[in-house]
Amino acid sequence: MSHKQHIPINKGNYSMEGPEREERFEAARGDGWEKEYREYRDSWTRLPLAQEVADYPLLVDAELSSACNLKCPMCYTITDEFKSKVAVQMMKFDLFKKIVDEIAGKVPALRISFRGEATLHPKFLECLRYAKDSGIREVSFLTNGSRMKPDFFQELVAAGADWITLSIDGTGAMYESIRAPIKFAEILENVANAAAIKRERGLKKPVLKVQSVWPAISEDPQGFYNTFAPLVDMVAFNPLIDYLGKDELTPYVEGFSCPQLYQRLVIGSDGKAMMCSNDEEGSISVGDANAQSVHEIWHGEELNAIRAQHKRLDGFKEFAPCRKCYLPRSIREDEKAVVDGRTITIKNYVNRSQTIGT
């Protein structure tokens with residue numbers, strides 16, 4: 001490999017926090033398994049930069065539900081193409097248990113969400129509890145928060161949830177224009193009640209993170225931060241990416257090679273393993289967890305061939321999902337915001353509209 005490679009780590013989601021709150025967030029995530037947590041996070045960076053394939057992935061994404069109860073205007077799940085390719089379904093509990101039984105003690109982190117709203121799964125709490133009882137160190141999920149009433153949050157705590165990310169795009173009328181039919185007062189009350197329960201019980205976990213797409217908060221990032229920072233452990237944002245597949249000219253960074261091929265394995269609700277978490281349509285299958293082990297898929301011919309292609313100069317361009325992906329895209333840093341006196345650089349993608357729904 002003679003060319004210089006660009007392997008971005010954690011590109012696309014950006015903290016609005018200062019160093020002190022970021023450190024507290026990390027400490028809370030690692031509470032109770034500090035040494036292993038440090039090793040896990042170090043490996044998250046080290047393995048992709050070294051292009052080293054560990055015995056098991058560091059994170060497994062097991063999609064409990066590909067169904068969602070919202071129709072957000074910037075989400076790929078609303079497109080006809082997505083609907084024609086991805087079945088709306090729930091992961092079978094036996095398959096979930098099969099995955100967990102294998103990876104417990106070998107894979108430090110499990111995310112039980114992907115494209116849909118995970119809490120719609122009829123056995124969501126049972127899945128969460130099974131994973132934690134089996135010894136998975138960090139079980140996390142992304143949610144729109146619509147189900148997170150106090151009673152349900154208490155059950156999440158009891159089941160052992162470690163990290164919950166809430167997608168909350170903006171405040172007030174902006175939020176309601178995106179996340180209909182949820183009302184902003186309702187979601188704010190859910191978050192406030194969860195914060196109160198944590199505070200009253202002296203809980204560090206689950207850590208709570210709120211994130212928004214940037215254009216939903218760009219007019220008043222300080223107001224968004226002031227609303228949620230007192231209630232959660234981290235407030236973050238991400239620039240709008242081409243989820244709807246409308247962009248044509250997408251300039252790339254030089255020498256891109258994907259980090260995810262050494263970090264995580266994504267298994268859809270049907271059991272099919274995907275190349276990465278950005279192949280939302282599952283267009284490139286690398287295995288089937290119904291018939292194969294996670295270990296077999298992780299070291300299989302399909303993934304190894306993709307890794308080899310990514311080591312070649314611009315090899316990623318051989319794959320349609322990679323050409324559409326935000327990770328190899330060039331960014332522009334010409335937009336700034338100020339939050340609590342801190343200047344935040346908005347890393348928008350070149351030739352990418354920051355208008356929701358485009």
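- Take D314 and apply the side-chain hydrogen bond (donor to acceptor under 3.5 Å, both in side chains) test, not counting sequence neighbours, and it matches no residue.
- Side-chain atoms of Y37 and D42 include no donor-acceptor pair closer than 3.5 Å.
- Note: the hydrophobic cluster containing I7 also contains L59 (ILVMFWY, side chain heavy atoms under 4.5 Å, direct or indirect links).
- Atom CD1 in I267 sits 8.5 Å away from atom CG in D61 (nearest 0.5 Å).
- With no hydrogens or angles considered, no side-chain donor-acceptor pair links N304 and H299 at under 3.5 Å.
- Between the side chains of E117 and S65, not a single donor N or O lies within less than 3.5 Å of an accepting N or O.
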Exercise for the section: Evaluate the criterion side-chain contact (heavy atoms from CB on, under 4.5 Å) for residue pair R264 and V60; output intermediate values, then yes/no. Expected result: CA-CA 6 Å; R264 66 202 294 187; V60 168; over 6 Å; no
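- Within the 4.5 Å cutoff, no side-chain heavy atoms of P108 are placed close to those of E36.
- Heavy-atom contacts from other residues, nucleotides or ligands closer than 6.0 Å to NZ of K106 number more than 12.
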Exercise for the section: Under the salt bridge (Lys or Arg N to Asp or Glu O under 4.0 Å) rule, what do K149 and E186 come out as? Steps first, then yes or no, please. Expected result: CA-CA 9 Å; K149 308 298 182 186; E186 174 189 353; 3.2 Å; yes
Practice task
I would like to know whether K132 and D162 meet salt bridge (Lys or Arg N to Asp or Glu O under 4.0 Å); could you show each step before the answer?
Solution key: CA-CA 9 Å; K132 289 304 298 180; D162 294 295; 2.9 Å; yes
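- The shortest heavy-atom contact between A118 and L64 is O-CB, 4.4 Å.
- At a threshold of 4.5 Å between non-hydrogen side-chain atoms, the residues L142 and L166 do not count as touching.
- When atom types are taken as modelled, the side chain of Y349 and the backbone of L327 share no donor-acceptor pair closer than 3.5 angstrom.
- Inter-residue side-chain proximity for R147 and N190 is flagged as unmet; no heavy-atom pair is nearer than 4.5 Å.
- Summarising the local packing, CG of D334 is surrounded by more than 12 heavy atoms from other residues, nucleotides or ligands at distances under 6.0 Å.
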Exercise for the section: For I297 and V294, run side-chain contact (heavy atoms from CB on, under 4.5 Å): C-alpha distance rounded to whole Å, both residues' side-chain angles, the deciding distance at 0.1 Å, then the answer. Expected result: CA-CA 5 Å; I297 298 169; V294 168; 5.7 Å; no
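- When all heavy atoms of R329 and C325 are compared, the closest pair comes out as CG-O, 3.3 Å.
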Practice task
Show your reasoning for whether side-chain contact (heavy atoms from CB on, under 4.5 Å) applies to T143 and I164.
Solution key: CA-CA 7 Å; T143 178; I164 302 171; 3.7 Å; yes
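- Partners of R129 according to the side-chain hydrogen bond (donor to acceptor under 3.5 Å, both in side chains) rule, which considers only residues two or more places apart in sequence or in another chain, do not exist here.
- Counting non-hydrogen atoms of other residues, nucleotides and ligands closer than 6.0 Å to NZ of K336 gives a total above 12.
- For K97, the NZ atom counts as densely surrounded, since its 6.0 Å shell holds more than 12 non-hydrogen atoms of other residues, nucleotides or ligands.
- Sorted by first and then second residue, the pairs that involve residues 164-213 and meet ring pair (Phe, Tyr, Trp, His ring centres under 6.0 Å), not counting sequence neighbours, are Y175-F184.
- In this structure, R46 and E52 approach most closely via the heavy-atom pair NH1-OE1, 3.2 Å.
- Taking OG1 of T165 as the start and CG of L208 as the end, the distance is 9.0 Å to the nearest 0.5 Å.
- Side-chain atoms of K209 and N13 include a donor-acceptor pair closer than 3.5 Å.
- In this structure, R111 satisfies the cation-pi test against W163, with its NZ or CZ atom closer than 6.0 Å to the six-membered ring centre and inside 45 degrees of the ring normal.
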Practice task
For K35 and E39, run salt bridge (Lys or Arg N to Asp or Glu O under 4.0 Å): C-alpha distance rounded to whole Å, both residues' side-chain angles, the deciding distance at 0.1 Å, then the answer.
Solution key: CA-CA 6 Å; K35 182 175 181 294; E39 292 172 353; 2.7 Å; yes
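- Other residues, nucleotides and ligands contribute at most 12 non-hydrogen atoms within 6.0 Å of the CD atom of E301.
- In this structure, the separation between NZ on K317 and OH on Y252 is 6.5 Å, given to the nearest 0.5 Å.
- At most 12 non-hydrogen atoms from other residues, nucleotides or ligands lie less than 6.0 angstrom from CD of E254.
- Atom OH of residue Y130 and atom CG of residue D133 lie 9.5 Å apart, to the nearest 0.5 angstrom.
- Using a 4.5 Å heavy-atom threshold, the side chains of E26 and V207 count as separate.
- The shortest distance between side-chain heavy atoms of I168 and V191 falls below 4.5 Å.
- Residues Q292 and G287 approach most closely at OE1-CA, 3.2 Å, considering heavy atoms.
- Between N226 and Q222, the closest side-chain pair of non-hydrogen atoms falls below 4.5 Å.
- If you run side-chain hydrogen bond (donor to acceptor under 3.5 Å, both in side chains) between R115 and each of E281, E280, E63, only E63 comes through.
- Looking at residues two or more places apart in sequence or on another chain, you find a side chain to side chain contact (heavy atoms under 4.5 Å, CB included) between E17 and S15, R21, E22, Y225, M234, V235.
- D279 CG to C322 SG: the interatomic distance, rounded to the nearest 0.5 Å, is 8.0 Å.
- Under a hydrophobic-cluster definition in which Ile, Leu, Val, Met, Phe, Trp and Tyr are linked whenever side-chain heavy atoms come within less than 4.5 Å, directly or via other members, L313 and F316 are assigned to different clusters.
- Transitive grouping of hydrophobic side chains (ILVMFWY, heavy atoms separated by less than 4.5 Å) keeps I344 and F25 in distinct clusters.
- A donor and an acceptor atom, one from each side chain of W214 and E335, are located under 3.5 Å apart.
- Using a 4.5 Å cut-off on side-chain heavy atoms (C-beta onward), N290 and D270 make no contact.
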Problem - R24 and E20: CA distance, side-chain angles, deciding distance, salt bridge (Lys or Arg N to Asp or Glu O under 4.0 Å) verdict - result: CA-CA 6 Å; R24 285 209 301 268; E20 186 176 323; 3.1 Å; yes
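- Look at R179 and D169 and you find a salt bridge, because one of the NZ, NE, NH1 or NH2 atoms lies within 4.0 Å of a carboxylate O, short of that distance.
- Qualifying side-chain hydrogen bond (donor to acceptor under 3.5 Å, both in side chains) partners for Q263, counting only residues two or more places apart in sequence or in other chains: none.
- Note: F256 and H310 have perpendicular aromatic rings, judged against thresholds of 30 and 60 degrees for the angle between ring planes.
- Expressed to the nearest 0.5 Å, how far CG of L110 lies from OG of S140 amounts to 7.5 Å.
- Looking at residues two or more places apart in sequence or on another chain, you find a side chain to side chain contact (heavy atoms under 4.5 Å, CB included) between E333 and I331, T345, K347.
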Practice task
Please assess E302 against S285 for the test side-chain contact (heavy atoms from CB on, under 4.5 Å), listing each intermediate value before the final yes or no.
Solution key: CA-CA 8 Å; E302 294 90 347; S285 176; over 6 Å; no
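- Judged by a 6.0 Å distance limit and a 45° cone about the ring axis, R307 is positioned over the six-membered ring of Y262.
- Between F224 and F237, the distance from one ring center to the other does not fall under 6.0 angstrom.
- P48 has its side chain within reach of I9: a pair of non-hydrogen atoms, C-beta onward, lies under 4.5 Å apart.
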